[in-house]
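Reckoned from all heavy atoms, side chains included, excluding hydrogens, waters and symmetry mates. Predicted, not measured: the structure shown is a model, and the values here were computed from it. In listed order, ligands and their atoms are each counted from 1.
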Amino acid sequence: MATATLPAMLPSVKSFVAEKRKMLVNGKWIEAVSDRTFEVFNPATGDVLAHVASGDVQDINAAVKAARAAFETGPWSRMTPSDRGKLIWKLADLIEQHLEEFAQLESLDNGKPLTVARVADVPLAIDLFRYMAGWATKIEGNTIPVSVPYAPGAKFFAYTTREPVGVVGQIIPWNFPLLMAAWKLGPALAAGCTVVLKPAEQTPLSALLLGKLICEAGFPDGVVNIVTGFGETAGAALAQHPGIDKIAFTGSTEVGKLIVEAAARDLKKVTLELGGKSPNIVFGDADLNTAIAGAANAIFFNHGQCCCAGSRLYVEQGIFDDVVNGVAEAARSIKVGEGFAPDTQMGPLVSEEQLNRVSGYLDAGFAEGAEAVCGGKRGSGTGYFVEPTVLVKTNAKMKVVQEEIFGPVVTAMPFKSAEDIAPIANDTVYGLAAGIWTSDISKAHRAAAQLRAGTVWINCYNVFDAALPFGGYKQSGWGREMGHDALENYTETKAVCIAI
Ligand code: NAI
Ligand code: MG
């Protein structure tokens, strides 16, 4: 890979990664109490990119204390909804002013193409904050006519208010580092909560730049605290902390279950956005070109590191070969390379661990009899590259069909008729998303109703919007991100009843 042709890192990004990165607690940038740091790697090369403070129990304790004080007694607790909304909007403006910095950091830290981070990750984060800024002034209760059958003749006036749930712990993953921080922070701040955010250890940099802008925007100290560190230490300490009212998590279903166990001790509120094994269904009457391009995008976008990736491709039998060959051809034409190269369409996986996990799934698939129409191997060089892969000769029992791979690997299987496909598509512990490709609108609606998934895309895939709720059925999670549904996660309803 010729580095000479790559765009230069902005000087501000260069110095951002060169300096040891501290954590944000109570409005101040601090080292970990232990003074420890951890290394962050550039996944395109495997080289160390930055050194970041390694938070642990004591740092989480300090952050929770700051968030509690900010929630109960600080200026945030007295701020009007309108002023909260203005601050969130201002944060969106600041992110927009630093768009290129964020895009570069995201590409360096996560490996994704710079061209994608510029048009997807960062603009979506900006839009999310603006959308949520508007909600700050619109979180309303109801007036409720009550009858109270055991108090004949008595009169009551009853209403509900929605109050912030309190201090919130938020643990996010590495696949869309900035965007996941936005999905979590936006509704929490609109609702008036205070936050301790723990970014993923693989990709903490954009959240730390966001922290700088949160301070610059003028959020009071302690409203947003950012503790960097590992899941087993900082993350576990946050999930277990008795001083937080709610924990919001995005990541693996395995860790989601640990979060629930930790939260069960004091019954803190929990929302979870977990894994998926989303079916993408192409009916015989679909527009083939659109469906093939869409099926390729469904699995290969973000290198398959999407919880909603269309990783099980089901194709009606008469067009199976055409669709599979079309998706394989699309896969072969994807330019894989380092994120900064302008022609890169797919970067490396995020980490060596993820590379090993995806390679392990490929090995397991081949051992069980799957065949690769294209790809099937890791890439050359020191970066964490995997070839875009289409697997056939797969069946419902195989590990590659049942488990989330979280890499650019799709399993393609034929199905006989529209009547058969819903139970097959639903045959998974997950229920995050699904895709349908057909030119028959009634068939599309029928299938959409039968699929047990939080999102169903029809003749499109990976369409996200701050206004559209996103989340999972079954083991894909609890609660919804984005849209006004997200505010439910961050508010308590109070019923007030007055004898009149
Ligand atoms: P993970 O679930 O371990 O990590 C996600 C976040 O949880 C990170 O911030 C991590 O530090 C934290 N964490 C890890 N262990 C924790 C614990 N015991 N207590 C509290 N927090 C903890 O995911 P990982 O290991 O990075 O990836 C493994 C698999 O998880 C992937 O192959 C993929 O299948 C799935 N995943 C799903 C994501 C989604 O968007 N739903 C995102 C990332 C991973
Ligand atoms: Mg893990």
Inset, instruction - Verify the ring-centre separation between Phe470 and Trp183: is it less than 6.0 angstrom? - result: yes
Legend entry - Min N/O separation Leu274 to ligand 1 under 3.5 Å: yes
Inset, instruction - Run the numbers for me: atoms of ligand 1, each under 4.0 Å from some heavy atom of Glu201, listed by number. - result: 8 (C), 10 (C), 11 (O)
Inset, instruction - Measure the distance from atom 30 (O) of ligand 1 to every protein heavy atom, then report the residue, atom name and distance (to 0.1 Å) of the closest one. - result: Ser252 CB, 3.0 Å
Inset, instruction - Start with the C-alpha gap between Val429 and Lys474, add the side-chain angles, then the distance that decides, and say whether side-chain contact (heavy atoms from CB on, under 4.5 Å) holds. - result: CA-CA 6 Å; Val429 298; Lys474 300 196 272 183; 6.0 Å; no
Inset, instruction - Check ligand 1 against Leu258 and write out every atom of the ligand that is under 4.0 Å from a heavy-atom position of the residue. - result: 18 (N)
Inset, instruction - Give a yes or no on whether a salt bridge exists between Arg68 and Glu72, defined as a side-chain N under 4.0 angstrom from a carboxylate O. - result: yes
Inset, instruction - Could you list which atoms of ligand 1 come closer than 4.0 Å to a heavy atom of Pro173? - result: 42 (C), 43 (C)
Legend entry - Gln354 contact mode with ligand 1 (heavy-atom cut-off under 4.0 Å): side chain
Legend entry - Residue Glu273 vicinity, atoms of ligand 1 by number, heavy atom under 4.0 Å: 41 (N)
Inset, instruction - Have a look at Leu197, Ile405, Ile171, Asn302 and point out the one with the heavy atom closest to atom 12 (C) of ligand 1. - result: Ile171
Inset, instruction - Answer side chain, backbone, both or neither: which part of Gln202 comes under 4.0 Å from ligand 1, heavy atoms only. - result: side chain
Inset, instruction - Indicate yes or no: does Arg118 engage Glu100 in a salt bridge with an N to O separation below 4.0 Å. - result: yes
Inset, instruction - List the closest protein heavy-atom neighbour of atom 20 (C) of ligand 1: residue, atom name, distance to the nearest 0.1 Å. - result: Gly235 C, 3.2 Å
Legend entry - Ile172: numbered ligand 1 atoms lying under 4.0 Å from its heavy atoms: 6 (C), 8 (C), 9 (O)
Legend entry - Heavy atom of Trp174, distance to ligand 1 below 4.0 Å: yes
Inset, instruction - Would you check whether Lys198 has a nitrogen or oxygen atom less than 3.5 angstrom from a nitrogen or oxygen atom of ligand 1? - result: yes
Inset, instruction - If you have a sec, work out which protein heavy atom is nearest atom 17 (C) of ligand 1 and how many Å separate them, to one decimal? - result: Gly231 O, 3.3 Å
Legend entry - Residue Ala236 vicinity, atoms of ligand 1 by number, heavy atom under 4.0 Å: 19 (N), 20 (C)
Legend entry - For atom 25 (O) of ligand 1, closest protein heavy-atom neighbour: Arg357 NH2, 3.8 Å
Legend entry - Main-chain N/O of Ala53 paired to Thr228 side chain as donor or acceptor, under 3.5 Å: yes
Legend entry - ligand 1 N/O within reach of Glu353 N/O, cut-off under 3.5 Å: no
Legend entry - Nearest neighbour in protein (non-hydrogen) for atom 39 (C) of ligand 1: Cys307 CB, 3.5 Å
Legend entry - Short side-chain to backbone donor-acceptor contact, His241 and Gly243, under 3.5 Å: yes
Inset, instruction - Check the side chains of Asp109 and Trp174 for a donor-acceptor pair under 3.5 angstrom, ignoring hydrogens and angles. - result: no
Legend entry - Exercise: do Tyr384 and Gln354 side chains pair donor with acceptor under 3.5 Å: no
Inset, instruction - List the steps, then state whether side-chain contact (heavy atoms from CB on, under 4.5 Å) holds for Ile171 with Ile247. - result: CA-CA 8 Å; Ile171 300 175; Ile247 187 100; 4.1 Å; yes
Legend entry - Ile259 neighbourhood, listing ligand 1 atoms whose heavy-atom distance to it stays under 4.0 Å: 20 (C)
Legend entry - Side-chain ion pair, Glu481 and Lys184, N-O less than 4.0 Å: yes
Legend entry - Sub-4.0 Å heavy-atom approach of Glu254 to ligand 1: no
Legend entry - Near-ring test Trp457/Phe464, centroid separation under 6.0 angstrom: yes
Inset, instruction - Would you verify that at least one protein heavy atom lies under 4.0 Å from atom 4 (O) of ligand 1, or report that none does? - result: no
Inset, instruction - Could you check atom 38 (C) of ligand 1 against the protein and tell me its nearest heavy-atom contact, residue, atom and distance included? - result: Phe406 CZ, 3.5 Å
Inset, instruction - List the closest protein heavy-atom neighbour of atom 34 (O) of ligand 1: residue, atom name, distance to the nearest 0.1 Å. - result: Glu404 OE1, 2.6 Å
Inset, instruction - Kindly give the heavy-atom pair with the smallest separation between Asn297 and Asn462, and that separation in Å. - result: O-ND2, 3.3 Å
Legend entry - Tyr131 side-chain N/O to His484 backbone N/O, donor-acceptor pair under 3.5 Å: yes
Legend entry - Heavy-atom closest pair, residues Leu108 and Pro43: O-CD, 3.2 Å
Legend entry - Numbered atoms of ligand 1 (with element) below 4.0 Å of Phe249, judged on heavy atoms: 2 (O), 6 (C), 7 (O)
